[in-house]
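What follows is a set of notes on a single structure, which appears directly below.
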Amino acid sequence: MRVAQSTFPDELGRTVNELTVRQARLQTQAATGQRIRNAEDDPSAFLNVLELQGDFQRLGQYSDNVAKLQTRSQAIYSASSQLKKMTDRASELATMANSIRTKDDYGAYSAEVNQLLENALALANGKDSNEALFGGTSGVATAFEAVRDADGNITSVAYKGNSKVRQVDISAGISFA
């Protein structure tokens, strides 16, 4: 079988063009460090890259969730510790007031108890990321609202939150309350 000489230059030109395109692609890969730039470079590998990027984003979100939970739990622990100290002090005042005292003593105890109540209310209405620490999932800005007498002293407190517990995903299929 005889091959026409005119096909050789055409075949050579096509091969040179293919090699030039391949060389340009390899140079781009070497310069960027990326083997896949477009889906047509390697469709199955491109799909893997997209899945890995999704996994990376989910892991980043889980990491953010864990960091927020740590911050919130530290804020709740701090507020609870301070509330415990206040109740201890209120107990001490109650014990001291149980004995015979002067009117001035009782006035001082009353003023201190009122201040403890104000501080406890402020702690109970503490916030983390603009959410009430003890408001449940209600989204209220203030979890507790004070009812006051004519002198401005707290007589009772009304709860404005709910008893639901917020669930936060910390891993695939794992939530933390």
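Here the structure is a predicted model, which is why all the values come from computation and not from measurement.
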Any chance the side chains of T20 and N17 put a donor and an acceptor closer than 3.5 Å? no
Looking at every non-hydrogen atom in both residues, tell me the closest pair between Y159 and G136 and how far apart they are. OH-N, 3.8 Å
Let me confirm one number: the NZ-OG distance from K85 to S80, rounded to the nearest 0.5 Å. 12.0 Å
4.5 Å side-chain heavy-atom contact, S78 and Q74: no
Got a donor-acceptor contact below 3.5 angstrom from the S63 side chain to the L59 backbone? no
Stepwise side chain to side chain donor-acceptor pair (under 3.5 Å) test for Q61 and N65: CA-CA 6 Å; Q61 183 61 53; N65 290 351; 2.8 Å; yes
Show the nearest heavy-atom pair for residues L123 and F134, with the distance to one decimal. O-CE1, 3.9 Å
Basic-acidic side-chain contact under 4.0 Å: K68, D64: no
Assigning hydrophobic clusters by single linkage (Ile, Leu, Val, Met, Phe, Trp, Tyr; side-chain heavy-atom cutoff under 4.5 Å), is F144 placed with V113? yes
Side chains of Q115 and N119: is there a donor and an acceptor less than 3.5 Å apart? yes
Is the shortest distance from a Lys or Arg side-chain nitrogen in D55 or R58 to a carboxylate oxygen in the other one below 4.0 Å? yes
Drop me the distance from R72's CZ to E131's CD, to the nearest 0.5 angstrom. 5.0 Å
Would the number of heavy atoms belonging to other residues, nucleotides or ligands and lying under 6.0 Å from CG of D88 be above 12? yes
Shortest non-hydrogen contact from T137 toward N162: N-OD1, 2.9 Å
Please name the pair of heavy atoms, one in Y109 and one in L93, separated by the smallest distance, quoted to 0.1 Å. CD2-CD2, 3.7 Å
State whether the side chain of N125 and the backbone N or O of A143 hold a donor-acceptor pair below 3.5 Å, judged by distance alone. yes
Atom pair OG1/CD1 of T71 and I76 - distance to nearest 0.5 Å: 11.0 Å
Nearest 0.5 Å please: distance from the NZ atom of K103 over to the CG atom of D105. 12.5 Å
Could you report the tightest heavy-atom contact between V140 and G161, atom names first, then the distance? CG2-CA, 4.2 Å
How far does NZ of K127 sit from OG1 of T142, to the nearest 0.5 angstrom? 5.5 Å
Determine, using the 4.5 Å side-chain heavy-atom cutoff (strictly less than), whether I174 and V66 are members of one ILVMFWY cluster. yes
Side chains of K84 and T87 in contact at under 4.5 Å (non-hydrogen atoms): yes
For the side chain of S110 and the backbone of Y106, is there at least one donor-acceptor N/O pair under 3.5 Å apart? no
Check side chain to side chain contact (heavy atoms under 4.5 Å, CB included) between T155 and all other residues, then give those that pass, not counting sequence neighbours. V147, D149
Going by an N to O cut-off under 4.0 Å, is there a salt bridge joining E18 and R22? no
Can you name the nearest heavy-atom pair linking A146 to L121, along with the distance? CB-CD2, 3.5 Å
